[in-house]
2 protein chains.
Amino acid sequence: MIGRFKQYLRVTTAINELQINEIAKCFKLKKVARGTCLVNAGDICKEFYYIGSGGIRTYFLTGAGQQCSRLIALEGAAGTALSSFIGQTPSTEFVEALEDSELYAISHQNFRRLLVEIPGWLEFYNQFLEMAYIHQNEKLQQLSTLTATQRYEKLMKDKPRYIQRLSNKILASYLDIREETLSRLKSK
Amino acid sequence: MIGRFKQYLRVTTAINELQINEIAKCFKLKKVARGTCLVNAGDICKEFYYIGSGGIRTYFLTGAGQQCSRLIALEGAAGTALSSFIGQTPSTEFVEALEDSELYAISHQNFRRLLVEIPGWLEFYNQFLEMAYIHQNEKLQQLSTLTATQRYEKLMKDKPRYIQRLSNKILASYLDIREETLSRLKSK
(Lines give C-alpha, C1' and ligand atoms only; values in the text may rest on other atoms or scores of the structure.)
Protein backbone atom coordinates (compact mmCIF):
# COMPACT_ATOMS: atom_id res chain seq x y z
CA MET A 1 0.00 0.00 0.00
CA ILE A 2 2.92 2.31 0.70
CA GLY A 3 3.70 1.68 -3.00
CA ARG A 4 0.94 4.11 -3.95
CA PHE A 5 2.55 6.80 -1.80
CA LYS A 6 5.94 6.13 -3.41
CA GLN A 7 4.31 6.51 -6.82
CA TYR A 8 2.75 9.80 -5.72
CA LEU A 9 6.16 11.11 -4.64
CA ARG A 10 7.72 10.01 -7.96
CA VAL A 11 5.11 11.91 -9.95
CA THR A 12 4.87 15.11 -7.90
CA THR A 13 8.39 15.73 -6.61
CA ALA A 14 12.00 15.52 -7.76
CA ILE A 15 12.87 12.81 -5.20
CA ASN A 16 15.07 10.03 -6.59
CA GLU A 17 14.45 6.32 -6.07
CA LEU A 18 17.08 5.94 -3.35
CA GLN A 19 15.53 8.77 -1.36
CA ILE A 20 12.00 7.46 -1.93
CA ASN A 21 13.03 4.18 -0.35
CA GLU A 22 14.65 6.02 2.52
CA ILE A 23 11.40 7.93 3.08
CA ALA A 24 9.27 4.77 2.81
CA LYS A 25 11.45 3.07 5.45
CA CYS A 26 10.44 5.81 7.93
CA PHE A 27 6.74 4.92 7.59
CA LYS A 28 5.73 2.12 9.95
CA LEU A 29 2.57 0.11 9.35
CA LYS A 30 -0.02 0.53 12.09
CA LYS A 31 -3.20 -1.54 11.91
CA VAL A 32 -5.98 0.07 13.90
CA ALA A 33 -9.60 -0.86 14.54
CA ARG A 34 -12.51 1.43 13.74
CA GLY A 35 -12.96 4.03 16.45
CA THR A 36 -9.37 3.89 17.71
CA CYS A 37 -8.33 7.25 19.07
CA LEU A 38 -4.88 8.10 17.67
CA VAL A 39 -4.56 11.54 19.22
CA ASN A 40 -6.50 12.93 22.19
CA ALA A 41 -7.12 16.62 22.77
CA GLY A 42 -4.27 17.68 25.07
CA ASP A 43 -1.79 15.21 23.54
CA ILE A 44 1.15 16.40 21.53
CA CYS A 45 0.70 14.86 18.09
CA LYS A 46 3.85 12.87 17.34
CA GLU A 47 2.91 11.15 14.06
CA PHE A 48 1.87 11.94 10.52
CA TYR A 49 -0.26 9.32 8.72
CA TYR A 50 -0.46 8.12 5.16
CA ILE A 51 -3.69 6.13 4.83
CA GLY A 52 -3.07 2.75 3.17
CA SER A 53 -6.66 1.59 3.68
CA GLY A 54 -9.59 2.82 5.72
CA GLY A 55 -9.57 6.39 6.93
CA ILE A 56 -9.19 8.88 9.76
CA ARG A 57 -10.91 12.06 10.85
CA THR A 58 -9.96 14.97 13.09
CA TYR A 59 -12.60 16.55 15.26
CA PHE A 60 -12.92 18.92 18.18
CA LEU A 61 -15.61 19.39 20.81
CA THR A 62 -17.73 22.50 21.27
CA GLY A 63 -18.42 23.84 24.76
CA ALA A 64 -21.67 21.89 24.70
CA GLY A 65 -19.75 18.67 23.98
CA GLN A 66 -20.79 18.44 20.35
CA GLN A 67 -18.29 16.96 17.88
CA CYS A 68 -17.17 19.05 14.87
CA SER A 69 -15.37 16.87 12.33
CA ARG A 70 -12.89 18.80 10.22
CA LEU A 71 -10.41 16.73 8.25
CA ILE A 72 -11.51 13.46 6.67
CA ALA A 73 -8.71 11.46 5.02
CA LEU A 74 -9.46 8.15 3.29
CA GLU A 75 -7.03 5.69 1.64
CA GLY A 76 -4.48 7.40 -0.59
CA ALA A 77 -4.62 10.62 1.44
CA ALA A 78 -2.49 11.79 4.36
CA GLY A 79 -3.25 13.69 7.51
CA THR A 80 -2.84 14.23 11.22
CA ALA A 81 -3.66 16.79 13.93
CA LEU A 82 -1.57 19.17 11.87
CA SER A 83 -1.43 22.26 14.11
CA SER A 84 -0.17 20.18 17.02
CA PHE A 85 2.21 18.23 14.77
CA ILE A 86 3.70 21.46 13.38
CA GLY A 87 4.22 23.26 16.67
CA GLN A 88 4.59 20.18 18.92
CA THR A 89 1.99 21.86 21.13
CA PRO A 90 -0.99 20.22 22.90
CA SER A 91 -3.63 19.31 20.35
CA THR A 92 -7.06 20.92 20.45
CA GLU A 93 -8.30 18.16 18.15
CA PHE A 94 -8.82 14.41 18.33
CA VAL A 95 -7.71 12.02 15.59
CA GLU A 96 -9.81 8.86 15.20
CA ALA A 97 -9.86 5.87 12.83
CA LEU A 98 -13.12 5.94 10.86
CA GLU A 99 -12.85 2.29 9.83
CA ASP A 100 -10.49 -0.63 10.43
CA SER A 101 -7.46 0.96 8.82
CA GLU A 102 -3.90 0.36 7.69
CA LEU A 103 -2.02 3.53 8.47
CA TYR A 104 1.61 4.26 7.67
CA ALA A 105 2.96 6.46 10.44
CA ILE A 106 6.11 8.57 10.38
CA SER A 107 7.38 10.10 13.61
CA HIS A 108 7.70 13.87 13.97
CA GLN A 109 11.42 13.44 14.49
CA ASN A 110 11.91 11.50 11.23
CA PHE A 111 9.57 13.83 9.37
CA ARG A 112 11.67 16.86 10.39
CA ARG A 113 14.94 15.04 9.69
CA LEU A 114 13.79 14.22 6.15
CA LEU A 115 12.90 17.90 5.61
CA VAL A 116 16.53 18.78 6.21
CA GLU A 117 18.11 15.82 4.44
CA ILE A 118 15.90 15.42 1.36
CA PRO A 119 14.94 18.64 -0.46
CA GLY A 120 12.18 16.80 -2.33
CA TRP A 121 10.55 15.94 0.99
CA LEU A 122 10.26 19.67 1.71
CA GLU A 123 8.64 19.94 -1.71
CA PHE A 124 6.13 17.20 -0.80
CA TYR A 125 5.38 18.85 2.55
CA ASN A 126 4.89 22.17 0.79
CA GLN A 127 2.29 20.70 -1.54
CA PHE A 128 0.61 19.00 1.40
CA LEU A 129 0.43 22.30 3.33
CA GLU A 130 -0.93 24.15 0.29
CA MET A 131 -3.73 21.60 -0.08
CA ALA A 132 -4.42 21.59 3.67
CA TYR A 133 -4.70 25.38 3.66
CA ILE A 134 -7.00 25.48 0.64
CA HIS A 135 -9.20 22.81 2.23
CA GLN A 136 -9.38 24.66 5.57
CA ASN A 137 -10.12 27.97 3.86
CA GLU A 138 -12.90 26.46 1.78
CA LYS A 139 -14.39 24.87 4.86
CA LEU A 140 -14.22 28.15 6.80
CA GLN A 141 -15.97 29.98 3.99
CA GLN A 142 -18.61 27.35 3.29
CA LEU A 143 -19.73 27.27 6.91
CA SER A 144 -20.55 31.00 6.64
CA THR A 145 -21.87 31.17 3.11
CA LEU A 146 -23.70 27.92 2.31
CA THR A 147 -26.94 26.60 3.76
CA ALA A 148 -27.14 23.05 5.12
CA THR A 149 -28.71 21.88 1.85
CA GLN A 150 -26.01 23.56 -0.24
CA ARG A 151 -23.24 22.05 1.89
CA TYR A 152 -24.75 18.58 1.52
CA GLU A 153 -25.19 18.98 -2.24
CA LYS A 154 -21.61 20.21 -2.62
CA LEU A 155 -20.29 17.23 -0.69
CA MET A 156 -22.40 14.86 -2.79
CA LYS A 157 -20.81 16.36 -5.92
CA ASP A 158 -17.21 16.71 -4.65
CA LYS A 159 -16.81 13.76 -2.27
CA PRO A 160 -19.52 11.15 -2.88
CA ARG A 161 -17.27 8.58 -1.12
CA TYR A 162 -17.82 10.42 2.17
CA ILE A 163 -21.59 10.06 1.87
CA GLN A 164 -21.31 6.37 1.02
CA ARG A 165 -18.87 5.48 3.77
CA LEU A 166 -19.34 7.74 6.78
CA SER A 167 -22.00 7.27 9.42
CA ASN A 168 -24.74 9.88 9.61
CA LYS A 169 -23.39 11.06 12.93
CA ILE A 170 -19.94 11.80 11.52
CA LEU A 171 -21.25 13.18 8.24
CA ALA A 172 -23.55 15.58 10.11
CA SER A 173 -20.67 16.71 12.34
CA TYR A 174 -18.54 17.30 9.21
CA LEU A 175 -21.25 19.41 7.59
CA ASP A 176 -22.14 21.19 10.85
CA ILE A 177 -25.77 20.16 10.59
CA ARG A 178 -28.05 18.13 12.85
CA GLU A 179 -28.41 14.42 12.19
CA GLU A 180 -32.15 14.86 11.64
CA THR A 181 -31.47 17.50 8.99
CA LEU A 182 -29.02 15.14 7.28
CA SER A 183 -31.54 12.27 7.30
CA ARG A 184 -34.11 14.59 5.73
CA LEU A 185 -31.64 15.71 3.05
CA LYS A 186 -30.61 12.11 2.31
CA SER A 187 -34.18 10.92 1.91
CA LYS A 188 -34.94 13.58 -0.71
CA MET B 1 11.05 48.69 5.28
CA ILE B 2 11.95 45.66 3.21
CA GLY B 3 15.06 45.55 5.47
CA ARG B 4 12.91 44.04 8.22
CA PHE B 5 11.84 41.25 5.89
CA LYS B 6 15.45 40.62 4.89
CA GLN B 7 16.34 40.39 8.57
CA TYR B 8 13.48 37.91 9.11
CA LEU B 9 14.79 35.72 6.29
CA ARG B 10 18.33 35.85 7.71
CA VAL B 11 17.14 34.66 11.11
CA THR B 12 14.63 31.98 10.06
CA THR B 13 16.13 30.42 6.93
CA ALA B 14 19.48 29.34 5.51
CA ILE B 15 19.34 31.91 2.68
CA ASN B 16 22.67 33.65 2.02
CA GLU B 17 23.08 37.41 1.59
CA LEU B 18 23.35 37.24 -2.20
CA GLN B 19 20.09 35.30 -2.40
CA ILE B 20 18.38 37.59 0.09
CA ASN B 21 19.16 40.54 -2.16
CA GLU B 22 17.91 38.63 -5.18
CA ILE B 23 14.66 37.94 -3.32
CA ALA B 24 14.34 41.57 -2.15
CA LYS B 25 14.74 42.78 -5.74
CA CYS B 26 11.60 40.82 -6.69
CA PHE B 27 9.47 42.79 -4.20
CA LYS B 28 8.17 46.03 -5.73
CA LEU B 29 6.96 48.87 -3.51
CA LYS B 30 3.26 49.61 -3.93
CA LYS B 31 1.79 52.57 -2.03
CA VAL B 32 -1.94 52.17 -1.63
CA ALA B 33 -4.59 54.28 0.06
CA ARG B 34 -6.87 52.96 2.78
CA GLY B 35 -9.77 51.01 1.31
CA THR B 36 -7.95 50.13 -1.93
CA CYS B 37 -9.15 46.79 -3.26
CA LEU B 38 -6.10 44.72 -4.24
CA VAL B 39 -7.95 41.56 -5.23
CA ASN B 40 -11.64 41.24 -6.12
CA ALA B 41 -13.63 38.03 -5.75
CA GLY B 42 -13.41 36.40 -9.17
CA ASP B 43 -9.89 37.76 -9.87
CA ILE B 44 -6.91 35.45 -10.03
CA CYS B 45 -4.59 36.63 -7.28
CA LYS B 46 -1.25 37.41 -8.93
CA GLU B 47 0.70 38.94 -6.02
CA PHE B 48 1.95 38.11 -2.56
CA TYR B 49 2.41 41.03 -0.14
CA TYR B 50 4.89 41.80 2.57
CA ILE B 51 3.46 44.67 4.62
CA GLY B 52 6.03 47.46 5.10
CA SER B 53 3.52 49.74 6.84
CA GLY B 54 -0.23 49.79 7.28
CA GLY B 55 -2.11 46.55 6.73
CA ILE B 56 -4.42 44.42 4.63
CA ARG B 57 -7.34 42.11 5.25
CA THR B 58 -8.99 39.34 3.28
CA TYR B 59 -12.76 38.98 3.46
CA PHE B 60 -15.58 37.19 1.70
CA LEU B 61 -19.29 37.93 1.43
CA THR B 62 -22.09 35.74 2.79
CA GLY B 63 -25.19 35.12 0.70
CA ALA B 64 -26.84 38.01 2.57
CA GLY B 65 -23.98 40.31 1.53
CA GLN B 66 -22.37 40.43 4.95
CA GLN B 67 -18.55 40.71 5.09
CA CYS B 68 -16.56 38.04 6.93
CA SER B 69 -12.97 39.20 7.50
CA ARG B 70 -10.50 36.34 7.79
CA LEU B 71 -6.83 37.26 7.49
CA ILE B 72 -5.58 40.50 9.02
CA ALA B 73 -1.91 41.30 8.26
CA LEU B 74 -0.29 44.43 9.70
CA GLU B 75 3.25 45.76 9.15
CA GLY B 76 5.90 43.10 9.44
CA ALA B 77 3.50 40.35 8.34
CA ALA B 78 2.79 38.93 4.91
CA GLY B 79 -0.35 37.76 3.17
CA THR B 80 -2.57 37.55 0.14
CA ALA B 81 -5.66 35.73 -1.12
CA LEU B 82 -3.64 32.58 -0.57
CA SER B 83 -5.95 29.89 -2.01
CA SER B 84 -6.23 31.78 -5.29
CA PHE B 85 -2.50 32.59 -5.28
CA ILE B 86 -1.60 28.91 -4.78
CA GLY B 87 -3.87 27.43 -7.42
CA GLN B 88 -4.07 30.48 -9.75
CA THR B 89 -7.82 30.00 -9.61
CA PRO B 90 -10.51 32.70 -9.28
CA SER B 91 -10.51 34.11 -5.77
CA THR B 92 -13.51 33.70 -3.50
CA GLU B 93 -12.04 36.42 -1.27
CA PHE B 94 -11.33 40.13 -1.53
CA VAL B 95 -8.04 41.70 -0.41
CA GLU B 96 -8.28 45.27 0.84
CA ALA B 97 -5.87 47.82 2.35
CA LEU B 98 -6.96 48.56 5.93
CA GLU B 99 -4.95 51.81 6.10
CA ASP B 100 -2.73 53.87 3.81
CA SER B 101 -0.07 51.21 3.33
CA GLU B 102 3.34 50.50 1.87
CA LEU B 103 3.18 47.01 0.47
CA TYR B 104 6.01 45.08 -1.10
CA ALA B 105 4.52 42.90 -3.83
CA ILE B 106 6.11 39.90 -5.51
CA SER B 107 4.48 38.44 -8.62
CA HIS B 108 3.27 34.84 -8.64
CA GLN B 109 5.72 34.13 -11.44
CA ASN B 110 8.74 35.40 -9.48
CA PHE B 111 7.51 33.73 -6.30
CA ARG B 112 7.39 30.34 -8.05
CA ARG B 113 10.72 30.92 -9.79
CA LEU B 114 12.41 31.63 -6.45
CA LEU B 115 10.94 28.39 -5.03
CA VAL B 116 12.84 26.47 -7.70
CA GLU B 117 16.03 28.54 -7.67
CA ILE B 118 16.54 29.27 -3.95
CA PRO B 119 15.97 26.33 -1.57
CA GLY B 120 15.77 28.73 1.39
CA TRP B 121 12.80 30.44 -0.23
CA LEU B 122 10.95 27.12 -0.17
CA GLU B 123 11.88 26.97 3.51
CA PHE B 124 10.40 30.47 4.08
CA TYR B 125 7.23 29.54 2.17
CA ASN B 126 6.94 26.37 4.22
CA GLN B 127 7.04 28.31 7.47
CA PHE B 128 4.53 30.79 6.06
CA LEU B 129 2.14 27.98 5.08
CA GLU B 130 2.50 26.32 8.49
CA MET B 131 1.56 29.57 10.23
CA ALA B 132 -1.28 30.24 7.80
CA TYR B 133 -2.68 26.75 8.43
CA ILE B 134 -2.44 27.05 12.21
CA HIS B 135 -4.14 30.45 12.06
CA GLN B 136 -6.97 29.17 9.85
CA ASN B 137 -7.47 26.09 11.99
CA GLU B 138 -7.65 28.15 15.16
CA LYS B 139 -10.15 30.50 13.55
CA LEU B 140 -12.28 27.59 12.35
CA GLN B 141 -12.33 26.09 15.81
CA GLN B 142 -12.91 29.33 17.71
CA LEU B 143 -15.97 30.18 15.63
CA SER B 144 -17.57 26.92 16.78
CA THR B 145 -16.33 26.75 20.35
CA LEU B 146 -16.07 30.30 21.74
CA THR B 147 -18.86 32.75 22.51
CA ALA B 148 -18.73 36.33 21.19
CA THR B 149 -17.40 37.53 24.56
CA GLN B 150 -14.71 34.83 24.64
CA ARG B 151 -13.62 35.62 21.07
CA TYR B 152 -13.34 39.32 21.92
CA GLU B 153 -11.39 38.63 25.12
CA LYS B 154 -9.03 36.28 23.29
CA LEU B 155 -8.35 38.91 20.63
CA MET B 156 -7.76 41.56 23.29
CA LYS B 157 -5.16 39.28 24.85
CA ASP B 158 -3.52 37.93 21.67
CA LYS B 159 -3.79 40.87 19.23
CA PRO B 160 -4.48 44.13 21.10
CA ARG B 161 -3.20 46.02 18.03
CA TYR B 162 -6.23 44.86 16.07
CA ILE B 163 -8.60 46.38 18.62
CA GLN B 164 -6.68 49.65 18.66
CA ARG B 165 -6.40 50.05 14.92
CA LEU B 166 -9.34 48.40 13.17
CA SER B 167 -12.75 50.02 12.76
CA ASN B 168 -15.63 48.47 14.67
CA LYS B 169 -17.15 47.32 11.39
CA ILE B 170 -14.06 45.35 10.40
CA LEU B 171 -13.36 44.08 13.89
CA ALA B 172 -16.94 42.79 14.20
CA SER B 173 -16.66 41.06 10.80
CA TYR B 174 -13.38 39.45 11.94
CA LEU B 175 -14.95 38.15 15.14
CA ASP B 176 -18.20 37.14 13.41
CA ILE B 177 -20.28 39.24 15.77
CA ARG B 178 -22.66 42.15 15.23
CA GLU B 179 -21.32 45.67 15.54
CA GLU B 180 -23.76 46.39 18.37
CA THR B 181 -22.44 43.37 20.27
CA LEU B 182 -18.88 44.60 19.76
CA SER B 183 -19.77 48.11 21.03
CA ARG B 184 -21.34 46.58 24.10
CA LEU B 185 -18.25 44.41 24.75
CA LYS B 186 -15.91 47.37 24.22
CA SER B 187 -17.80 49.58 26.66
CA LYS B 188 -17.51 46.99 29.44
Side-chain angles (χ1 to χ4, degrees), chain A residues 13-14 41 58-71 79-89 91-94 112 115-116 118-147 149-150 173-174 176, chain B residues 13-14 41 58-71 79-89 91-94 112 115-116 118-147 149-151 173 176:
Chain A
T13 69
T58 66
Y59 68 94
F60 58 82
L61 297 178
T62 66
Q66 195 139 23
Q67 294 185 2
C68 293
S69 296
R70 284 302 165 254
L71 171 83
T80 192
L82 192 57
S83 290
S84 169
F85 185 77
I86 290 171
Q88 289 296 283
T89 48
S91 180
T92 55
E93 304 167 298
F94 296 79
R112 286 279 160 198
L115 286 179
V116 177
I118 301 180
W121 183 246
L122 185 60
E123 210 185 320
F124 157 76
Y125 183 38
N126 217 274
Q127 291 166 12
F128 177 82
L129 285 171
E130 286 189 334
M131 284 189 298
Y133 179 86
I134 289 176
H135 175 269
Q136 258 336 34
N137 201 47
E138 235 180 58
K139 186 89 188 158
L140 192 59
Q141 197 159 337
Q142 283 172 14
L143 290 177
S144 301
T145 56
L146 302 186
T147 63
T149 310
Q150 288 170 328
S173 81
Y174 183 69
D176 266 14
Chain B
T13 70
T58 65
Y59 69 93
F60 59 81
L61 298 177
T62 66
Q66 195 139 22
Q67 294 184 3
C68 293
S69 296
R70 284 302 166 256
L71 170 84
T80 193
L82 193 56
S83 291
S84 169
F85 185 78
I86 290 170
Q88 291 294 284
T89 48
S91 181
T92 54
E93 305 168 296
F94 297 78
R112 286 279 160 197
L115 287 179
V116 178
I118 301 179
W121 183 247
L122 185 60
E123 210 184 322
F124 157 75
Y125 183 39
N126 217 272
Q127 291 166 12
F128 177 81
L129 285 171
E130 286 188 336
M131 284 189 298
Y133 179 86
I134 289 176
H135 175 270
Q136 254 344 27
N137 201 47
E138 236 181 59
K139 186 90 187 158
L140 192 60
Q141 198 160 336
Q142 283 172 13
L143 290 178
S144 301
T145 54
L146 301 185
T147 63
T149 310
Q150 288 169 328
R151 292 207 288 274
S173 80
D176 267 15

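Note on naming: letters A, B, ... go to the chains in the order of the sequence lines (proteins, then strands), and numbering restarts at 1 for each one. Given the structure is predicted, the values throughout are model-derived calculations rather than measurements.
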Asker: Determine the option with the most heavy-atom pairs under 4.5 angstrom with chain B, choosing from A:Thr62, A:Leu140, A:Asp176.
Answerer: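 The candidate making the most pairs under 4.5 Å is A:Leu140.
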Asker: Report the distance from atom OG1 of B:Thr145 to atom CZ of A:Phe60, rounding to the nearest 0.5 Å.
Answerer: 6.0 Å
Asker: Compare all side-chain heavy atoms of A:Leu143 with those of B:Leu143 and state whether any distance is below 4.5 angstrom.
Answerer: no
Asker: Flag the pair B:Ile134 / A:Ile86 as yes when at least one side-chain heavy-atom distance between them is below 4.5 Å, and no otherwise.
Answerer: yes
Asker: Testing the basics here: between B:Glu123 and A:Leu122, what is the closest heavy-atom pair and its distance to 0.1 Å?
Answerer: N-CD2, 4.2 Å
Asker: Need one label for A:Thr92: side chain, backbone, both or neither, based on atoms under 4.5 Å from any heavy atom in chain B.
Answerer: both
Asker: Any heavy-atom pair between the side chains of B:Gln141 and A:Ser83 that's under 4.5 Å?
Answerer: no
Asker: Pick whichever of B:Glu138, B:Gln66, B:Glu130 has the most heavy-atom pairs under 4.5 Å with chain A.
Answerer: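 If we count pairs closer than 4.5 Å to chain A, B:Glu130 comes out on top.
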Asker: Measure A:Leu146 against the heavy atoms of chain B and call it side chain, backbone, both or neither at under 4.5 Å.
Answerer: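 Neither part.
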Asker: Drop me the distance from B:Asn137's CG to A:Glu93's CD, to the nearest 0.5 angstrom.
Answerer: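 CD of A:Glu93 is found 4.5 Å from CG of B:Asn137.
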Asker: Roughly how far, to the nearest 0.5 Å, is CZ of A:Phe85 from OH of B:Tyr133?
Answerer: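 Here the interatomic distance stands at 12.5 Å.
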